[in-house]
Amino acid sequence: MYKVDLPLDQSIENAVERRRSTETERKARIFNTRLRVMGLDVSALDQQVQKKKHQQNMEIQRDKAFDKLREYHDEALLQQDIDEKEKQDTLQAELTQYWATHQCVEDSRDADLKCGLKGAFSSTTPEGKLGPASMTLFQGEDIGEEQMRREQMKRTDRDLRAQKEDNERKHVGEKQREMIVNKELVLQDLRGVQLHALDEECKKATRIALDNYNHALTAERAERLKEQHRREEMEKRAEMQHTLTSDMMTECAEAAERELGGRRAARVLVDRWKGMSPEQLSAIHREREEQRQERERQRDAEKIQNAAWELQLLKQSRKAEEEDRRAEELRREKRIQTDHYNMQLAREQQEHQEFLNKKLYTNKPSKDYFHQFNTSSR
């Protein structure tokens, strides 16, 4: 038999977890006094949303500014690292040159020990005249020196190879980091180029739409000017025709008192008018006298009406004062009755409270009694 890993049915556990989360949300909603009693403040929520959006926009702008500043700092640090590395390489080369020139092994004080007396300082005094203080080698002192030196050279060689490998790994890691940084910079440059291209396309489309709109406005303005010129030309021609055929040019004598028809008055030619007739003057005086008498009658009627209004206002003000006085008296009596009633209610409530505290409720409930409520949303 082969062991087969069948997938477990997670539907029951998912359903139980979903019911638990729903019950938790329902408890939070029901036991929230502010939401249950006061409701939602829509204007405050909208203001909070606007404030949150403004804060998010400010954060986005700040992040963009920080990104630009970070890129500038990264470039400055990369350039500083390159300069520092070049400086260290130059110093190392100069130091190596100085060691090779001024600090050779053959010029040291113990060159006779390291280089086998090759190039070391040699004394001209015979060995027979040298004392114990001039002895450099003793019998049995350097046994196994060659083996020790070979081991030391091997150990030095291993250390140098380990340092070289470590330096190579560091160099490879630095190259990889520089490659990643360069790739990020290239991607950022590509994104910038793409955004710039999209911006240029949007600007180009906007310019094309604006040019089309300006062409349409120009054509409409030209058509409107053409229509205006045509209308002005027609009006000028009509005016010329009217001037040529008017009574001023024809000098018609019957036009001095011509009826125009409708509700308009008779038209009079000023250059042929000789003044008003006696009948017209008497009609004007008669009309003016009638207007004066009518004006006097209106003034008398207005005086009588104003007097009646003043009398009515006086009666209304007296009546209103009387009603205010009666209403104030009724309010005072009602306030006195209310005070008596409230005092009676206070006494009854105090007596009932004393009855409840001293006679009815003698056993106070414990904390366990209150903790049994509001434990579930059902």
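These values consider heavy atoms only, across backbone and side chains, with no hydrogens, waters or symmetry-generated copies.
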- [ ] Apply the test side chain to side chain contact (heavy atoms under 4.5 Å, CB included) to residues Gln50 and Gln47: give CA-CA distance (whole Å), side-chain angles for both, the deciding distance (0.1 Å), then the verdict.
- [x] CA-CA 5 Å; Gln50 295 295 331; Gln47 186 177 3; 5.7 Å; no
Under a 4.0 Å N-O cut-off, is there an ion pair linking [X] with [Y]?
| X | Y | result |
| --- | --- | --- |
| Arg18 | Glu13 | no |
| Lys87 | Glu84 | no |
| Arg155 | Asp159 | no |
| Arg326 | Glu322 | yes |
| Lys175 | Glu178 | no |
| Glu329 | Arg332 | yes |

[X] versus [Y]: any side-chain heavy-atom pair under 4.5 Å?
| X | Y | value |
| --- | --- | --- |
| Glu333 | Leu330 | yes |
| Lys236 | Arg231 | no |
| Arg224 | Glu220 | yes |
| Leu198 | Glu201 | yes |
| Arg237 | Glu233 | yes |
| His285 | Arg288 | yes |

Task: Chi angles and distances behind the side chain to side chain contact (heavy atoms under 4.5 Å, CB included) call for Glu290, Arg286 - done: CA-CA 6 Å; Glu290 290 178 358; Arg286 186 169 55 254; 4.0 Å; yes
Drop me the distance from [X]'s [atom1] to [Y]'s [atom2], to the nearest 0.5 angstrom.
| X | Y | atom1 | atom2 | value |
| --- | --- | --- | --- | --- |
| Arg169 | Gln176 | CZ | CD | 12.5 Å |
| Glu168 | Lys164 | CD | NZ | 6.0 Å |
| Glu354 | Glu351 | CD | CD | 7.0 Å |
| Leu78 | Asn182 | CG | CG | 8.0 Å |
| Arg292 | Arg297 | CZ | CZ | 10.0 Å |
| Lys334 | Thr338 | NZ | OG1 | 6.5 Å |

Open item on the list: Counting neighbours of CD on Gln349 that are heavy atoms of other residues, nucleotides or ligands and sit closer than 6.0 Å, is the number greater than 12?
Closed with: no
Task: Residues, nucleotides or ligands: over 12 heavy atoms within 6.0 Å of Glu239 CD - done: no
Open item on the list: Could you check whether Glu310 and Asn306, counting side-chain N and O atoms only, form a donor-acceptor pair closer than 3.5 Å?
Closed with: no
Open item on the list: Could you check whether Asp83 and Gln79, counting side-chain N and O atoms only, form a donor-acceptor pair closer than 3.5 Å?
Closed with: yes
Open item on the list: Quick one, Arg191 with Gln188, criterion side chain to side chain contact (heavy atoms under 4.5 Å, CB included). Give me CA distance, side-chain angles, the key distance, then yes/no.
Closed with: CA-CA 5 Å; Arg191 283 197 294 269; Gln188 291 180 3; 3.3 Å; yes
TODO: Could you tell me whether the side chain of Asp157 and the main chain of Met153 form a donor-acceptor pair under 3.5 Å?
DONE: no
- [ ] List the steps and the verdict of side chain to side chain contact (heavy atoms under 4.5 Å, CB included) for Leu195 and Asp199.
- [x] CA-CA 6 Å; Leu195 290 176; Asp199 191 12; over 6 Å; no
TODO: Could you walk me through whether Lys64 and Asp67 pass salt bridge (Lys or Arg N to Asp or Glu O under 4.0 Å), step by step?
DONE: CA-CA 5 Å; Lys64 290 182 179 178; Asp67 291 336; over 6 Å; no
Open item on the list: Tell me which one of Met58, Lys52, Gln56, Lys51 satisfies side chain to side chain contact (heavy atoms under 4.5 Å, CB included) with His54.
Closed with: Met58
